[in-house]
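A short worksheet on the structure shown next.
The sequence lines fix the lettering, A, B, ..., with proteins before strands; numbering per chain opens at 1. Every heavy atom of this structure was used, including side-chain atoms; hydrogens, water molecules and symmetry mates were not. Predicted model, so just to flag it, every value in this text is computed and none were measured.
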2 protein chains.
Amino acid sequence: MRIGDAAAAAGTTPRALRFYEERGLLPPPPRSASGQREYGPDDVARIRVVRELLHLGLTVEDVRGFAARLDMFTDGATPRCASPSPSDPPSPASAAVTRRLAALDAEIDRLTRLRARLAGATGRSEAADTA
Amino acid sequence: MRIGDAAAAAGTTPRALRFYEERGLLPPPPRSASGQREYGPDDVARIRVVRELLHLGLTVEDVRGFAARLDMFTDGATPRCASPSPSDPPSPASAAVTRRLAALDAEIDRLTRLRARLAGATGRSEAADTA
DNA sequence: CTAAACCCTGACGCGCGCGTCAAGGGCAAG
DNA sequence: CTTGCCCTTGACGCGCGCGTCAGGGTTTAG
């Protein structure tokens, strides 16, 4: 299948696929004689995984870090970093997840404090909780 | 005083002052014969107020919305939107604050959900709370 | 008088995940 | 053959709050 169909099958756009490829999230697919990209079903599965990871808040940089091992996830539905033994060398994936969690916590923290300061300085006093 | 001194007195940079002026957060100050901006102590106070509001999470757009009434705050230390009667026509300031609070809440909400999904999908389960 | 330090305007850079336009070539249907 | 949609690469746009450089003029201390 060509890029448009692959993109549609994965729920995204051709532009996004070229972007992922350019940034190293997808391997360069084979080309037809005229230079057009040729994707297979496995590629579509991989694209879905990449998109899931991005939607989970990982950055392009994060995902590129362990792009080579992404095929391990293409069979399962949701990526689960099972830890066989608690003292394994941390995989680049779980390291990226840890960093992202820390970054998210820091940002949530910052915004929460900001909200408190803004509400406090203007005389309001509701809470902001949804978790 | 010239722009460098005014900026230093307010704890910021000349570039920021020109930026505030360009975006309508500060009134254009008088110029010397050679075109250099001339600031007074009142201007410094106003700059401080603008910076406080920005640090409180208001956007440039927000602050520009009620820039004309900012002088009301230049004598008090912390801006307090006292509400004389609970059913007043909302000032542009408190409207902006309300919008910012809502935007902050929405963003905190989004990040919190994102964090939960990321933690959940990878098998971790700590909480993220600091408020 | 000269050099240093300041001021001016205008314009690009940043970080992110693509969207969008531009200019050209390919591919299947009528 | 033509029509019309799809593909290719390359480059800019976005939103925010300035930082930073370029290429000048001004002011001030020695």
Side-chain angles (χ1 to χ4, degrees), chain A residues 1-26 28-39 43 47-65 67 96 99-100 103-104 106-107 110-111 114 118, chain B residues 1-26 28-39 43 47-65 67 96 99-100 103-104 106-107 110-111 114 118:
Chain A
M1 62 199 327
R2 295 184 297 175
I3 197 172
D5 298 329
T12 182
T13 68
R15 177 68 183 99
L17 298 196
R18 297 193 197 102
F19 175 72
Y20 297 153
E21 180 184 338
E22 174 194 338
R23 305 295 280 268
L25 308 190
L26 295 177
R31 305 289 188 113
S32 75
S34 61
Q36 306 203 356
R37 292 172 178 82
E38 265 307 315
Y39 295 91
D43 295 318
I47 294 165
R48 285 217 182 89
V49 172
V50 166
R51 287 186 63 76
E52 267 190 69
L53 294 175
L54 290 180
H55 284 320
L56 278 174
L58 296 184
T59 68
V60 169
E61 190 79 5
D62 289 336
V63 178
R64 180 177 54 191
R99 284 200 314 271
R100 264 301 103 191
L104 281 174
E107 185 66 6
R110 199 179 66 83
L111 292 183
L114 202 55
L118 182 56
Chain B
M1 61 199 327
R2 294 184 298 174
I3 197 171
D5 299 329
T12 182
T13 68
R15 179 67 182 99
L17 298 196
R18 297 192 198 102
F19 174 71
Y20 297 154
E21 180 184 337
E22 174 194 337
R23 305 295 281 266
L25 309 191
L26 295 178
R31 304 289 189 113
S32 76
S34 62
Q36 305 203 0
R37 293 171 178 81
E38 264 308 316
Y39 295 89
D43 294 319
I47 294 165
R48 284 216 183 91
V49 173
V50 166
R51 287 185 64 76
E52 268 191 69
L53 293 174
L54 290 179
H55 283 321
L56 279 174
L58 297 184
T59 69
V60 169
E61 190 80 6
D62 289 336
V63 179
R64 180 176 53 191
R99 284 200 313 272
R100 264 301 103 191
L104 282 173
E107 185 66 6
R110 198 179 67 83
L111 292 184
L114 201 56
L118 181 56

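- Put simply, CD1 on A/Ile3 and CD on A/Glu21 are 7.5 Å apart, with the number rounded to the nearest 0.5 Å.
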List every contact pair, protein side and nucleotides 26-28 of chain C side both N or O, where the distance is under 3.5 Å.
from   : atom 1 : to      : atom 2 : distance (Å)
C/dG26 : O3'    : A/Ser34 : OG     : 3.3
C/dC27 : OP1    : A/Ser34 : OG     : 3.0

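- Put simply, chain B comes within 4.0 Å of DNA chain D, heavy atom to any atom, from D/dG17 to D/dT27, going 5' to 3'.
- Within residues 15-22 of chain A, the residues that place at least one heavy atom under 4.0 Å from DNA chain C are, in residue-number order, A/Arg15, A/Ala16, A/Phe19, A/Tyr20.
- The two residues A/Val63 and A/Leu53 have their closest heavy-atom pair at CG2-CB, 4.0 Å.
- Across all non-hydrogen atoms, the minimal contact from B/Leu114 to A/Gly57 is CD2-CA, 3.9 Å.
- Looking at A/Arg48, its side chain does come within 3.5 Å of a backbone N or O of A/Ala9 through a donor-acceptor pair.
- Ranked by how close their nearest DNA chain D nucleotide is to the 5' end, A/Gly35 and B/Arg23 are led by A/Gly35.
- Between A/Leu104 and B/Leu111 the shortest heavy-atom distance is CD2-CD2, 3.9 Å.
- The heavy-atom pair separating A/Pro14 from A/Ala7 by the smallest distance is N-CB, 3.5 Å.
- Here the side chains of B/Arg37 and B/Arg31 are in contact, with some heavy-atom distance below 4.5 Å.
- Between A/Glu107 and A/Arg110, at least one side-chain nitrogen of the basic residue sits less than 4.0 Å from a carboxylate oxygen of the acidic one, meeting the salt-bridge criterion.
- Considering every non-hydrogen atom in both A/Met1 and A/Glu38, the closest pair reads N-OE1, 3.0 Å.
- Between A/Arg64 and A/Glu61 there is a salt bridge, with a side-chain nitrogen of the basic residue lying less than 4.0 Å from a carboxylate oxygen of the acidic one.
- Residues passing the side chain to side chain contact (heavy atoms under 4.5 Å, CB included) test with B/Arg51, sequence neighbours excluded: B/Thr12, B/Tyr20, B/Ile47, B/His55.
- The terminal axes of the helix from C/dC1-D/dG30 to C/dG30-D/dC1, fitted over 5 pairs per end, subtend an angle of 30° to the nearest 10°.
- A/Ser32 pairs by the side-chain hydrogen bond (donor to acceptor under 3.5 Å, both in side chains) definition with A/Ser34, not counting sequence neighbours.
- Summarising the geometry of B/Val60 relative to B/Leu54, their closest heavy-atom pair is N-CD2, 4.0 Å, with the distance given to 0.1 Å.
- Atom CG in B/Asp5 sits about 7 Å away from atom P in C/dC7, given to the nearest Å.
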